[in-house]
Amino acid sequence: MLGPSTPGPHLFAEMQARVRDAAGAVLGSGADLTRIVVEPPRDASHGDMATNAAMVLAKDAGQKPRDLAEAIAEKLRADAKIEKVDIAGPGFINLTLKGEVWPDALRAVLEQGKTYGRGTVGAGKKVNVEYVSANPTGPLHVGHGRGAVFGDALSSLLVAAGFDVTREYYINDAGAQVDVLARSAFLRYREALGEDIGDIPEGLYPGDYLKECGAELAADYGDKLKAMPEAEWLPIVRRRATDMMMAEIRNDLARLRIVPEVFFSERSLIEGEEPDPFASEPPRPPADVVAETIAALRTAGHVYEGRLPPPKSGNLEDWEDREQTLFRSTDFGDDVDRPLLKSDGSYTYFATDIAYHKSKFDRGFADMIYVWGADHGGYVKRMQAAVKAVSGGKGQLDIKLVQLVRLLRNGEPVKMSKRAGDYITLREVVDEVGKDAVRFDMLYRKNDAVLDFDLAKVIEQSKDNPVFYVQYGHARGKSIFRTAADQGLLPADPAALRKADLARLTDPGELSIIRKLALYPRMLEAAALAHEPHRVAFYLYELASEFHAQWTRGGKESPHLRFIIQDDPQTTVARLALVQGIVTVLACGLDLLGVEAPDEMR
RNA sequence: GCGCCCGUAGCUCAGCUGGAUAGAGCAUCAGACUUCGAAUCUGAGGGUCGGGAGUUCGAAUCUCUCCGGGCGCGCCA
């Protein structure tokens, strides 16, 4: 038996196990019980829980669903936790639980506190969650922010479900883009030396954010870089510029309470790890992991030299039919094979990404999640093909595409001119509306739905704005405790709430809230397995809504429903225990989403 | 032309991996503050779940096919 404070199986999991046992007893071994689910009924009048057991098993058993339901129901009627079993509709088995189940369920919340809802389905399995991975060529924008918030919340969710999660950021510091960045920074360096650089040429980054980089280079190197050929100054400037951009990016993410644990450099795959200046061993020659990966794939028969048909659209003027090095991704479900080398002999982004994902697999991550912008949708199949190839079919890559964000202000699109480099940055948005509004708003939507982000509405302090609605629920709960303390009705010993006579909570609204609290672990587990953090946000909204409704019921119509009853300390303590349960779950859920749970919001 | 995503109330969106009479918020209308915080709550109206066919005890959910919108389609990441 599990001790009272051990996060054991939650109520729904427990009842599901009991139903499966009952069905197994009726049908004998060999029956597939995995499709049996126990869920809350659509209508509360159907009881506390419903199961599809009879309907999913009827065919295999060769019985009518309702007959089978009756047989299973007979077993369940003997269950100590079940008060009543009904059969309804096509063969649903509706369960009404014994009255004492609900006080016990609330007590579990109070006993487990911050650990309530945490599960073990993850079983300590290692999962790599990669997100953001924006090019270090400019400030993060709001779209990056959405991917970052999503990846971070999903990671927290998986941790809560018992997975061993690593949050990772892939630095694209090896492609042509960072060379462009370096040339742009070099221009700012010449400008810092007093040169008139005029307009920024087409194709370079025009934003002001590189001026500081240019100034630093001028301070450190004087005019020495100017005397060098590009091949010499480029790596120096590139390194300085990407380091500065990454520092900015990390700073922007930190403002959103996002701290990736691993920053993985694309360049390190090609040139090897940065030599450690304090190492006692002589530095090893740089290893080209990409070349090794391609060679291994070639040996395995997944790489060949060949030609591709011309693309179906786009400009065919610069199309040149040539033989190239191709990854046979069609063997793994892709539509066409994919090139690994550019015409100048350097690696394609895809080639380094294959090596990168091999690195993930080699580091022990059979489960990988990749959070990507929706404009990368065309790359999903080839990446999943690559993971299959480098992991021998043992790796699993779930790619979550995050749709674009439309920035609005009072319903009007915010004008952005990328060409002039004056687009709204993520930092500006976070500074304007705050971390909590950004995070909750972005999570209060499925990842694959386009998000309208209205700068005016997200700071509105009304029920129109879900984040304030939920946070207000938490603050209101805390407010009840303050009032109870003022009136001398709050027990000094926190343990007193756990010992309260919770059977006094008999109002339908109160029982409904307890049922909702009992649902939290089940919701968390499902959200984690589905990789859908938005379910947490919706759950919290619903819980807050039930709490607000119960609060208002204690108005002048029904003062006996108030949480604090001056002349009835016993009932007051029981209701304070309920409030404690609500506050605990709201705080836990908000924490998963990275949103604060304030004690007051005046 | 091909691939992926989306289409649910006037608007913005959920719908718990196939369950019972499809739900919230906004907006509209009608109500509740000498309150434990009205940043709240109660009620009403509002639907061929884009159309059609199929799979089965049962479909918003799975398959196919159209319609409409978005993204992508060597040598950008």
Side-chain angles (χ1 to χ4, degrees), chain A residues 35 37 39-43 46 50 52 55-56 58-59 64-66 88-92 94 133-135 137 172 174-178 266 308-314 318-320 322 324 326 334-336 338-339 341-344 346 348-350 352-353 373-381 401 403-404 444-446 448-450 452 460-466 468-469 471-473 475-476 479-484 486-487 519 522-523 526-527 529-530 532 534-535 538-539 541-542 545 548-557 559 562-566 572 575 579 600-602:
Chain A
R35 290 174 63 209
V37 295
E39 57 193 354
R42 176 179 303 281
D43 193 322
H46 292 143
N52 60 357
M55 292 179 289
V56 297
K59 198 169 197 175
K64 288 181 183 171
R66 289 194 67 112
F92 281 101
N94 290 328
S133 297
N135 289 341
T137 55
N172 298 124
Q177 308 266 355
V178 284
E266 178 186 8
L308 283 178
K312 291 295 180 195
S313 83
D318 48 358
W319 159 256
E320 171 201 354
R322 67 179 183 89
Q324 51 189 341
L326 297 169
D334 200 3
D335 305 313
V336 288
R338 306 292 179 177
L341 297 179
K342 302 179 194 172
S343 51
D344 67 357
S346 63
T348 60
Y349 174 78
F350 181 53
T352 50
D353 224 11
D375 53 340
H376 291 72
Y379 291 76
V380 170
K381 283 185 183 177
L401 295 180
Q403 265 291 354
L404 61 92
Y444 198 65
R445 193 127 315 180
K446 271 193 308 199
D448 52 11
V450 176
D452 286 337
E460 207 170 278
Q461 301 193 344
S462 73
K463 64 181 169 185
D464 195 3
N465 187 354
F468 279 93
Y469 185 84
Q471 287 183 316
Y472 179 47
R476 179 171 253 176
S479 165
I480 292 173
F481 280 102
R482 285 192 293 272
T483 305
D486 288 348
Q487 300 182 1
L519 210 48
R522 182 182 187 271
M523 180 280 303
L529 294 176
E532 291 183 348
H534 75 275
R535 295 193 199 184
F538 278 93
Y539 170 89
Y541 186 90
E542 289 163 10
S545 177
H548 287 312
Q550 187 63 19
W551 165 282
T552 309
R553 270 181 213 117
K556 74 179 171 191
E557 304 277 315
R562 292 160 75 121
F563 290 97
I564 296 174
I565 309 287
Q566 271 84 358
T572 298
R575 289 184 178 165
V579 174
E600 51 185 326
M601 302 176 73
R602 290 180 191 277

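By convention in this document, chain letters (A, B, ...) are assigned in the order of the sequence lines, proteins followed by strands, and residues within each chain are numbered from 1.
At the phosphate of B:rG37, OP1 or OP2 sits under 4.0 Å from a side-chain N or O atom of A:Ser479.
Here the separation of B:rU61 from B:rU17, taken at their C1' atoms, is 8 Å to the nearest Å. For B:rC13 and B:rC6, the P atoms lie 14 Å apart once the distance is rounded to whole Å. For the C1' atom pair drawn from B:rU8 and B:rA60, the interatomic distance equals 7 Å after rounding to whole Å. B:rA22 and B:rU35 have their P atoms separated by 41 Å, given to the nearest Å. As rounded to the nearest Å, B:rG25 and B:rA14 have C1' atoms that lie 10 Å from one another.
Using cut-offs of 30° and 60° on the angle between ring planes, the pair A:Tyr541 and A:Tyr444 is tilted.
In the set B:rU21, B:rU40, B:rC36, the nucleotide with an atom closest to the side chain of A:Tyr469 is B:rU40.
Between the base of B:rA14 and the side chain of A:His534 there is no donor-acceptor pair shorter than 3.5 Å.
B:rU40 has no base stacking with the ring of A:Trp551 when judged by centroids under 5.5 angstrom apart and an interplanar angle below 30°.
Regarding A:Lys381, its NZ atom lies at a distance of 17 Å from the P atom of B:rG72, rounded to whole Å.
Considering only heavy atoms from C-beta on, A:Glu600 comes within 4.5 Å of A:Arg482 through its side chain.
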